[in-house]
Peer 1: 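Quick one: structure below, then a few questions.
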Amino acid sequence: MPDVDAWDAYFEPDRILRKLALTSECGDLVEFGCGYGTFTIPAMRLVSGKVYALDIDAEMIAIAARRAEETGQSNVEFLLRDFVAHGTGLADGSMDYAMLFNILHHDEPVALLSEAYRNLIDGGLLGVIHWNYDPDTPRGPPMDIRPRPNEIVGWAEDAGFQTRSDVIDLPPYHYGLVFCRDAM
């Protein structure tokens with residue numbers, strides 16, 4: 001990871017969250033891989049419930065927690081957890097929204113998407129962003145594992161999601177998608 005200021009410069013988190021259909025009507029939210037808290041902080045300000053921000057890296061959790069504390073808000077719980085190996089630890093159907101940002105290049109993307117699906121209530125939304133499939137982006141995973149939007153759509157549908165958006169352009173380096181866990 002680059003330093004926090006360089007990382008934050010890649011994003012306009014408030015604008016991105018709005019484009020990904022996150023609103024104040026959202027109750028509880030789970031974030032898979034909070035990193036520096038780039039999206040955690042704006043999500044805390046927006047949701048009416050609690051943000052569960054997970055990361056495998058203790059240093060990232062410490063930085064994000066410090067940044068969250070500076071806001072004066074307390075509607076966040078940081079969880080040091082290997083959610084890839086052990087899931088989120090959150091109850092089935094307990095979240096209104098899930099964020100999988102810059103993470104679906106993982107070896108088992110359908111497993112991550114299935115865990116998000118498990119966590120969401122019927123009608124709950126999943127927001128996904130990833131690096132554009134472009135070798136000129138300043139960061140991001142190697143091109144041979146960087147997913148294209150149509151791959152993510154296929155994986156999400158394999159996990160049970162319904163697609164709720166076209167590909168959302170998130171300049172300068174990302175795209176987004178919104179999915180829904182429909183009632184059975």
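We count residues from 1, following the sequence as given. What you see is a predicted model; the values in this text were computed from it and never measured.
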Peer 1: Honestly curious: do L80 and M99 fall in one hydrophobic cluster under the side-chain, below-4.5 Å linking rule?
Peer 2: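 Yes, one cluster joins them.
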
Peer 1: So T23 and L46, side chain to side chain contact (heavy atoms under 4.5 Å, CB included) or not? Walk me through it.
Peer 2: CA-CA 6 Å; T23 70; L46 189 55; 5.6 Å; no

Peer 1: In Å and rounded to the nearest 0.5 Å, what is the OG1 to CD distance from T88 to E115?
Peer 2: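 With rounding to 0.5 Å, OG1 (T88) is 4.0 Å from CD (E115).
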
Peer 1: Just checking Q73: does its CD atom have more than 12 heavy atoms from other residues, nucleotides or ligands closer to it than 6.0 angstrom?
Peer 2: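 Yes, enclosed.
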
Peer 1: In residues 106-114, what donor-acceptor pairs under 3.5 Å come from side-chain atoms, sequence neighbours left out?
Peer 2:
| residue | atom | partner | partner atom | Å |
| --- | --- | --- | --- | --- |
| H106 | ND1 | E108 | N | 2.8 |
| S114 | OG | V110 | O | 2.8 |

Peer 1: Tell me, with the steps shown, if N102 and H174 meet side-chain hydrogen bond (donor to acceptor under 3.5 Å, both in side chains).
Peer 2: CA-CA 9 Å; N102 294 317; H174 292 83; 3.2 Å; yes

Peer 1: Hey, quick one: are I121 and L22 part of the same hydrophobic cluster, counting side-chain heavy atoms closer than 4.5 Å, chains of contacts allowed?
Peer 2: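 They do not share one cluster, since no chain of ILVMFWY contacts under 4.5 Å joins I121 to L22.
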
Peer 1: Under 3.5 Å, is there a donor on one side chain and an acceptor on the other for T137 and R146?
Peer 2: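 Checked: T137/R146 side chains pair up, N/O donor to acceptor below 3.5 Å.
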
Peer 1: For the residue pair F101 and F39, categorise the inter-ring angle as parallel (less than 30°), tilted (30 to 60°) or perpendicular (more than 60°).
Peer 2: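 Answer is perpendicular, since the angle exceeds 60°.
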
Peer 1: With under 30° as parallel and over 60° as perpendicular, where do the rings of Y173 and W131 fit, or are they tilted in between?
Peer 2: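 Because their plane-to-plane angle lies in the 30° to 60° range, the rings of Y173 and W131 count as tilted.
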
Peer 1: Is it true that a side-chain atom of D28 and a backbone atom of M95 form a donor plus acceptor pair closer than 3.5 Å?
Peer 2: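 No.
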
Peer 1: Where does the angle between the aromatic ring planes of F161 and F179 fall among parallel (under 30°), tilted (30 to 60°) and perpendicular (over 60°)?
Peer 2: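 F161 vs F179 ring planes: tilted.
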
Peer 1: Centroid-to-centroid, H130 to H105, below 6.0 Å?
Peer 2: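 Ring centroids of H130 and H105 are less than 6.0 Å from each other.
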
Peer 1: Is there a path of hydrophobic side-chain contacts, each under 4.5 Å between heavy atoms of I, L, V, M, F, W or Y residues, that connects L100 with V84?
Peer 2: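 Same cluster.
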
Peer 1: With no hydrogens and no angle check, is any side-chain donor or acceptor of N132 less than 3.5 Å from a backbone partner on D134?
Peer 2: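 No: the side chain of N132 does not pair with the backbone of D134.
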
Peer 1: Would you list the pairs meeting salt bridge (Lys or Arg N to Asp or Glu O under 4.0 Å) in which at least one residue belongs to residues 75-101, sequence neighbours left out?
Peer 2: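 As it turns out, the salt bridge (Lys or Arg N to Asp or Glu O under 4.0 Å) pairs with a partner in residues 75-101, which skip direct neighbours, are K50-E77, D92-R118.
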
Peer 1: To the nearest 0.5 Å, what is the distance between CG on L90 and CZ on F83?
Peer 2: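 That separation rounds to 11.5 Å.
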
Peer 1: Can you get from I152 to V167 by hopping between Ile, Leu, Val, Met, Phe, Trp and Tyr side chains that sit under 4.5 Å apart?
Peer 2: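 I152 and V167: one cluster.
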
Peer 1: If you look only at pairs with a residue in residues 147-159, which of them pass as a side-chain hydrogen bond (donor to acceptor under 3.5 Å, both in side chains), with sequence neighbours excluded?
Peer 2: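 Listed once each, the pairs are Y133-R148, E157-T163.
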
